[in-house]
Amino acid sequence: MADNTLGMAALVAICAIVLFMGVMKRKMEWLLNVLMRSILGTIAIYFVNGALAGMGISLGVGINPVTVLTSGILGLPGFIAIYGIGIYNFL
């Protein structure tokens, strides 16, 4: 009887460890994805601001934690939303 209980506890522990590893893998993928989109969004904001300044348009979209996180979490739609809000404020 004690061997059966010990075996079941070991099986539950192994299943819990496998599930935990799967959750951590997905979380790391998500964090890496947000980090990469944040970096690319920041670079895109820098170059678009430079291009607009070269055309004589000062839209005023700054690189700050809010814009970096918006482009990082939302990706391209967030990047477009940032410039949409900038255009709205410009008008």
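No experiment lies behind these values; they were computed from the predicted model shown.
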With ring pair (Phe, Tyr, Trp, His ring centres under 6.0 Å) as the rule and sequence neighbours excluded, what pairs involving residues 28-60 come up?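 Applying ring pair (Phe, Tyr, Trp, His ring centres under 6.0 Å) to every pair that reaches into residues 28-60, excluding sequence neighbours, yields nothing.
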
So which heavy atom on [X] is nearest to which on [Y], and how close?
X: Thr67; Y: Ile63; value: OG1-CA, 3.7 Å
X: Val68; Y: Ser38; value: O-OG, 3.6 Å
X: Thr42; Y: Ser71; value: N-OG, 4.4 Å

For Val61, enumerate each residue passing the side chain to side chain contact (heavy atoms under 4.5 Å, CB included) test, keeping only those at least two apart in sequence or located in another chain.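 Here the qualifying residues are Ile45, Asn49, Leu59, Ile82, Tyr83.
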
Which residues satisfy the side chain to side chain contact (heavy atoms under 4.5 Å, CB included) test with Leu76, sequence neighbours excluded?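 Here the qualifying residues are Phe79, Ile80.
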
Can you tell me how far apart CD1 (Ile73) and CZ (Arg37) are? Round to the nearest 0.5 Å.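 Answer rounded to 0.5 Å: 8.5 Å.
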
Applying a strict under-4.5 Å side-chain criterion to I, L, V, M, F, W and Y, I'd like to know whether Ile87 and Leu52 cluster together.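 The answer is yes; both residues are in one hydrophobic cluster.
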
Do you reckon Leu35 sits in the same ILVMFWY cluster as Leu69, going by side-chain contacts under 4.5 Å, direct or chained?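 They do not share one cluster, since no chain of ILVMFWY contacts under 4.5 Å joins Leu35 to Leu69.
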
